[in-house]
Every structure is written in structure tokens, then in C-alpha cells.
Amino acid sequence: MTSPSLSSSSPVTVVVRYFASARAAAGTEEEKVELAGGATVADAVQALRELHPGQLSRVLDAASFLVNEVAVRDRGRALSDGSHLDVLPPFAGG
């Protein structure tokens, strides 16, 4: 999925991995998503909402994210081609 409003540089492909309730809501464990060059974590999250309308949107509201296994605090972080984006819903327990 490419958004024309983003940079015109080459598209990036991001591997999205879903865990726990995010996996159930997306109906898949992992998928590749194509985004416009210069895409950020926020852009990826919006693309996921569009790809999986419904329950996943609620999960994304509460989820945290890892990019290449590093926690993301700033959703404005740019994604590079081949990045892994992990979607981690809140976990219960302790």
C-alpha cells in the first residue's frame, strides 16, 4: 500500500509481526506491507488500520511497537526497507 502524500522516494517494504490479540484481530501472524518512502511508524499503523478495519483498530490504539526489536516511543520514527514492525498488545499478568 503506497500513500502518494508521502515522499516520492522509493517505497519501503516492512514486515509486520502480530502477537497475541493483535494476531487474532489481523487474522495472520505476519505480513509484508509496502509503504511510500519516508514512511513512519504512524504511517504504518494507519496502513494497518486500512488493511484490517474492525477489531485490529482497537488493538492498535492500545498497542506498543518494536522496530527491529527496539521499543518505539516516537511514532514519527522513519522506517527503512526491510524493517520489522512488531505489534504488541497490552499483556495481562505479572
Side-chain angles (χ1 to χ4, degrees):
M1 164 176 289
T2 303
S3 172
S5 63
L6 295 176
S7 170
S8 62
S9 61
S10 298
V12 296
T13 299
V14 176
V15 177
V16 180
R17 299 182 293 199
Y18 299 99
F19 294 86
S21 62
R23 178 182 300 157
T28 187
E29 182 175 318
E30 179 178 294
E31 65 185 327
K32 291 182 180 180
V33 178
E34 186 175 299
L35 303 165
T40 64
V41 172
D43 296 323
V45 170
Q46 182 58 39
L48 297 176
R49 289 180 195 283
E50 293 170 10
L51 284 171
H52 303 283
Q55 189 177 12
L56 183 61
S57 187
R58 289 189 297 276
V59 173
L60 292 171
D61 288 341
S64 56
F65 302 92
L66 303 178
V67 173
N68 299 328
E69 300 183 8
V70 176
V72 172
R73 302 277 183 247
D74 176 10
R75 291 191 183 187
R77 177 180 173 171
L79 297 167
S80 58
D81 192 46
S83 291
H84 285 82
L85 177 66
D86 296 339
V87 180
L88 306 170
F91 293 95

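Residue numbers count from 1 along this sequence.
- Side-chain atoms of T40 come within 3.5 Å of backbone atoms of D43 as a donor-acceptor pair (strictly under, hydrogens ignored).
- Rounded to the nearest 0.5 Å, atoms CZ (R49) and CG (D61) are 4.5 Å apart.
- The structure places CG of L85 at 11.5 Å from CD of E30, a figure rounded to the nearest 0.5 Å.
- Interatomic distance, CG of N68 versus CG of L79, reported as 8.5 Å (0.5 Å rounding).
- Listed by first and then second residue, the salt bridge (Lys or Arg N to Asp or Glu O under 4.0 Å) pairs involving residues 62-79 amount to none (not counting sequence neighbours).
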Would you mind writing out the side-chain donor-acceptor pairs for residues 12-20 within the sub-3.5 Å range, not counting sequence neighbours?
unit_1 : atom_1 : unit_2 : atom_2 : d
R17    : NE     : D86    : OD1    : 2.6
R17    : NH2    : D86    : OD1    : 3.1
R17    : NH2    : D86    : OD2    : 3.1
Y18    : OH     : E31    : OE2    : 2.5

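- Using a 4.5 Å cut-off on side-chain heavy atoms (C-beta onward), L56 and V59 make contact.
- For the residue pair S9 and G38, the shortest heavy atom distance occurs at OG-N, 4.1 Å.
- If you take NZ on K32 and NE2 on H84, they are separated by 8.5 Å, rounding to the nearest 0.5 Å.
- For the pair L88 and F65, the minimum side-chain heavy-atom distance is 4.5 Å or more.
- Evaluation of the side-chain hydrogen bond (donor to acceptor under 3.5 Å, both in side chains) rule for R23 yields no partner, not counting sequence neighbours.
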